[in-house]
K.L.:
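Pasting a structure below so you can have a look.
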Amino acid sequence: MGIAFSDRPAADRWFPSGYKGPRGALLVTLKRSGGLAARDLAVELGLSANAVRHHLKELEADGVIAYRREQRGVGAPTYVWHLSAAGEALFPERSKEIVTELLDRVAEQTGRQPIVAALETRFAELTRR
């Protein structure tokens, strides 16, 4: 299931003040899911559909989320909410830290040369492209 309200304090530590509480939970759920309809967000977060729609409109006005129309069978289209580029920027990018830590651990076990060789091979492939 989505982010429980008991999980909010972890997200609240690094979100700007306007994105704490239910809005922070919405952003985290959209980040994890890649996009959901308002009804699905309400179920995930245990909020009313009206409360979710209110927060979605506020977040959209801030430019941190957007929606796309999806046709799902017969009937009216579904609006699927997702993070915008500005919304993605609210989340810390940790891949650099993770890759650096991983490379350090591999270097401890095998030495630096295998890492250097792998990177040289990769750069050579990119150059050819």
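For this chain, numbers begin at 1 and follow the sequence in order.
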K.L.:
Could you state the interatomic distance from CG (Leu41) to OG (Ser33), rounded to the nearest 0.5 Å?
P.N.:
6.5 Å
K.L.:
What's the separation between atom CZ in Arg112 and atom CD1 in Ile115, rounded to the nearest 0.5 Å?
P.N.:
7.5 Å
K.L.:
Distance-only, no hydrogens or angles: does the Arg32 side chain make a donor-acceptor pair with backbone N or O of Val28 under 3.5 Å?
P.N.:
no
K.L.:
Side chains of Leu26 and Tyr19: closer than 4.5 Å at any heavy-atom pair?
P.N.:
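Side chain of Leu26 against side chain of Tyr19, heavy atoms only: no contact under 4.5 Å found.
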K.L.:
Work out which heavy atom in His82 is nearest to a heavy atom in Gly34; give both atom names and the distance.
P.N.:
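Heavy-atom minimum between the residues: CB-O, 3.7 Å.
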K.L.:
If you define the side chain from C-beta out and look only at heavy atoms, does anything of Lys96 sit under 4.5 Å from Glu101?
P.N.:
no
K.L.:
Heavy atoms, side chains only, cut-off 4.5 Å: are Arg129 and Leu126 in contact?
P.N.:
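Answer yes - side chains close enough.
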K.L.:
Are Leu103 and Phe123 connected into the same hydrophobic cluster when the rule is that any two of I, L, V, M, F, W, Y join if their side-chain heavy atoms are below 4.5 Å apart?
P.N.:
yes
K.L.:
Please tabulate, one pair per line, all N/O donor-acceptor pairs under 3.5 Å involving side-chain atoms of residues 63-71, not counting sequence neighbours.
P.N.:
| unit_1 | atom_1 | unit_2 | atom_2 | d |
| --- | --- | --- | --- | --- |
| Arg68 | NE | Glu70 | OE2 | 3.2 |
| Glu70 | OE1 | Arg72 | NE | 3.4 |
| Glu70 | OE1 | Arg72 | NH2 | 3.2 |
| Gln71 | NE2 | Gly73 | O | 2.9 |
| Gln71 | NE2 | Gly75 | O | 2.7 |

K.L.:
Between Arg122 and Glu125, does a salt bridge (charged side-chain N to carboxylate O under 4.0 Å, His left out) hold up when you go through it step by step?
P.N.:
CA-CA 5 Å; Arg122 178 67 177 140; Glu125 290 172 359; 3.7 Å; yes
K.L.:
Are Leu45 and Leu83 in one and the same hydrophobic cluster, where Ile, Leu, Val, Met, Phe, Trp and Tyr link if side-chain heavy atoms are under 4.5 Å apart?
P.N.:
yes
K.L.:
Out of curiosity, Leu47 CG to His54 NE2, how far, rounded to the nearest 0.5 Å?
P.N.:
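With rounding to 0.5 Å, CG (Leu47) is 11.5 Å from NE2 (His54).
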K.L.:
Nearest 0.5 Å, please: how far is CG in Leu30 from CD in Glu88?
P.N.:
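Result: 9.5 Å between the selected atoms.
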K.L.:
Kindly give the heavy-atom pair with the smallest separation between Val80 and Gly35, and that separation in Å.
P.N.:
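Scanning both residues completely, I find the closest heavy atoms to be CG1-C, 3.6 Å.
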K.L.:
Considering non-hydrogen atoms only, spot the tightest contact between Ala42 and Val52 and give its length.
P.N.:
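Scanning both residues, the minimum pair turns out to be CA-CG2, 3.6 Å.
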K.L.:
Drop me the distance from Leu90's CG to Lys31's NZ, to the nearest 0.5 angstrom.
P.N.:
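Reported value, rounded in 0.5 Å steps: 10.0 Å.
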K.L.:
Which heavy atom in Pro114 sits nearest to a heavy atom in Gly111, and how many Å separate them?
P.N.:
CD-O, 3.5 Å
K.L.:
For Glu60, is there an ion pair with Lys57 - N to carboxylate O distance below 4.0 angstrom?
P.N.:
yes
K.L.:
Is there a side-chain contact between Trp81 and Leu36 (heavy atoms, below 4.5 Å)?
P.N.:
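Heavy-atom side-chain distance check fails, nothing below 4.5 Å.
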